[in-house]
Amino acid sequence: MKIGYPCINRSIGCSSGRTFRLASYSDERLITTVAGNLTCLQRILEWNIENRIGFFRITSDIIPFASHPICTLPWKEHFQDELEVIGGFIRDSGMRISMHPDQFIILNSPDEKVVSRSIDELMYHADLLDGMNLDRTAKIQLHVGGVYGDAEQSILRFIRTYKNLDSVIQNRLVVENDDQRFTTADCLKIHEETGIPVLFDVFHHSCNNTGEDTGEMLDMTGRTWGNGDGIPMTDYSSQHPEKRAGSHTEHIDPDDFRCFLTISRPYDIDIMLEIKDKEKSAMEAVSIAGSDPRFG
DNA sequence: CAGTGTCAAGGTGGA
DNA sequence: TCCACCTTGACACTG
């Protein structure tokens, strides 16, 4: 079991997701930005190891505009050395890696242009992880997408599109339940048709479910991860006390987290904390989990 | 130089 | 049909 946090480390003083406006795009600007992002990513990874954090989500902003038509620079070749060094560090340290393309990446849209752009963006994510020579346990997590007035048909469109994806993407893609539209049960159904692993989001499940309990879903989603996929990943968060249902908390709720550790005890999982204050909560979670036999 | 409007991209739901 | 919201930092323009 590893514990991680997404994308940003506020303790270090650098960002691995610096970007710039499309209007000011130039190859030179891209190169300097990416060079800085990769340097910072390396620092974050080192910081993680020093703090016993073995799981990290790499921001999609590492290479700004990577899948945009304006970007014709062969960034993968240009930064091959740097990517290989980072990948080597990740492998040597045993760090688990994920990525999570943002809300615009939708495979089940009825608009084929949206789907096409989304696939381009997924290919960028896969290319980046491939460029680091990471095996297929480094995952790209995605929600099912939109409902468009017909959830059943929208699920079928996801399945059809998935089956036609390049294996470079299929090897890494996992599907995650969301808090408003598609439940864990929907994702399990998609798994049955495609074999895609299901990344279980505990908090989303508590917001959006059809009566299944968390332990049962941990069990069933865990079984969707095959041999080469690595230990099942889960997303963990808890409710922000003031904001609307589904809003992530600012800081980890220790009691809630202990409760989750107890529920999940029978299963070996990697836990991604989707919590606003990032590495601070992750450190606290590591401390809480310190006595858990799964946590090395 | 501080303050702030805006940023590649989609979907949803309320007005 | 339009707009705020989702969620988020930070770019880059303005005064």
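We name chains A, B, ... by the order of the sequence lines, and we start the count at 1 in each one.
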*Answer with yes or no after comparing the ring centroid distance for A:Phe55 and A:Tyr5 against a 6.0 Å cut-off, counting only values under it.*
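No; A:Tyr5 has its ring centre 6.0 Å or more from that of A:Phe55.
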*Could you tell me whether A:His205 and A:Phe200 have their ring centroids closer than 6.0 angstrom?*
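Ring-ring flag for A:His205/A:Phe200: true, centres closer than 6.0 Å.
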*Using side-chain contact (heavy atoms from CB on, under 4.5 Å) as the criterion, list what pairs up with A:Tyr267, not counting sequence neighbours.*
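By the side-chain contact (heavy atoms from CB on, under 4.5 Å) rule, A:Tyr267 matches A:Leu218, A:Asp219, A:Ile269.
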*ring-ring contact (aromatic ring centres under 6.0 Å, His included): which pairs involve residues 226-247 of chain A, sequence neighbours left out?*
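Checked against ring-ring contact (aromatic ring centres under 6.0 Å, His included) - neighbours excluded - the pairs reaching residues 226-247 of chain A are A:Tyr236-A:Phe257, A:Tyr236-A:Phe260.
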_Sidechain N-carboxylate O distance under 4.0 Å for A:Asp292, A:Arg265_ =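 Looking at A:Asp292 and A:Arg265, the cut-off is met.
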*asked:* Salt bridge or not between A:Asp186 and A:Arg181? Use side-chain N to carboxylate O under 4.0 Å.
replied: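 Between A:Arg181 and A:Asp186 there is no salt bridge, as every charged N stays at least 4.0 Å from the carboxylate O atoms.
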*Phosphate oxygens OP1/OP2 of C:dT8: is one of them under 4.0 Å from a side-chain N or O of A:Lys276?*
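For C:dT8, OP1/OP2 do have a side-chain N/O of A:Lys276 under 4.0 Å.
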_Phosphate contact (C:dT8 OP1 or OP2) by A:Arg18 side-chain N/O below 4.0 Å_ =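 The answer is no; no side-chain N or O of A:Arg18 sits under 4.0 Å from OP1 or OP2.
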Rounded to the Å, how far apart are [X] [atom1] and [N] [atom2]?
X        : N      : atom1 : atom2 : answer
A:Asp277 : C:dT7  : CG    : P     : 16 Å
A:Tyr25  : C:dA12 : OH    : P     : 14 Å
A:His240 : C:dT8  : NE2   : P     : 11 Å
A:Glu274 : C:dC6  : CD    : C1'   : 14 Å

Between [M] and [N] - [atom1] atom distance, rounded Å:
N     : M      : atom1 : value
C:dT7 : B:dG13 : P     : 14 Å
B:dA9 : C:dA12 : P     : 16 Å
B:dA8 : C:dT1  : P     : 26 Å
B:dG3 : C:dT8  : P     : 24 Å

Could you go over nucleotides 2-4 of chain C and give all protein N or O partners under 3.5 Å, atom names and distances?
none

*Judged by atom type as modelled, is there a donor-acceptor pair below 3.5 Å linking the side chain of A:Trp47 to the main-chain atoms of A:Ile12?*
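No; zero donor-acceptor contacts below 3.5 Å.
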*Quick check: are there more than 12 heavy atoms from other residues, nucleotides or ligands sitting under 6.0 Å from CE of A:Met123?*
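Yes, enclosed.
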*Would you please classify the geometry between the A:Trp75 ring and the A:Tyr124 ring as parallel, tilted or perpendicular, with 30° and 60° separating the classes?*
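Rings of A:Tyr124 and A:Trp75: perpendicular, as their planes differ by over 60°.
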*With DNA chain C as reference, determine whether A:Ser24 or A:Ile8 sits nearer its 5' end, using the nearest nucleotide of each.*
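The residue whose closest nucleotide sits nearer the 5' end is A:Ile8.
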*With heavy atoms under 4.0 Å as the rule, sort A:Lys278 into base, sugar-phosphate or nothing.*
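Since no nucleic acid heavy atom lies under 4.0 Å of A:Lys278, the category is nothing.
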*Pull out every stem in DNA chain C, meaning runs of 3 or more consecutive Watson-Crick or G-U wobble pairs with both distances under 3.5 Å.*
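For DNA chain C the paired stretches long enough to count as stems (3 pairs minimum) are B:1-7 with C:9-15, B:10-15 with C:1-6.
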_side-chain hydrogen bond (donor to acceptor under 3.5 Å, both in side chains) partners of residues 99-112 of chain A, not counting sequence neighbours, each pair once_ =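 Listed once each, the pairs are A:His100-A:Glu176.
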*Just do the salt bridge (charged side-chain N to carboxylate O under 4.0 Å, His left out) check on A:Asp270 and A:Arg96 with the steps written out, would you?*
CA-CA 8 Å; A:Asp270 286 340; A:Arg96 188 78 187 277; 2.7 Å; yes
*asked:* One character per nucleotide, please: for nucleotides 5-15 of chain B, 5' to 3', B when the base has a protein heavy atom closer than 4.0 Å, S when only the sugar-phosphate does, - otherwise.
replied: BBBBBBSS---
*Say you draw a straight line from CE of A:Met99 to CZ of A:Phe56; how long is it, rounded to the nearest 0.5 Å?*
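Nearest 0.5 Å value for the CE-CZ distance: 10.0 Å.
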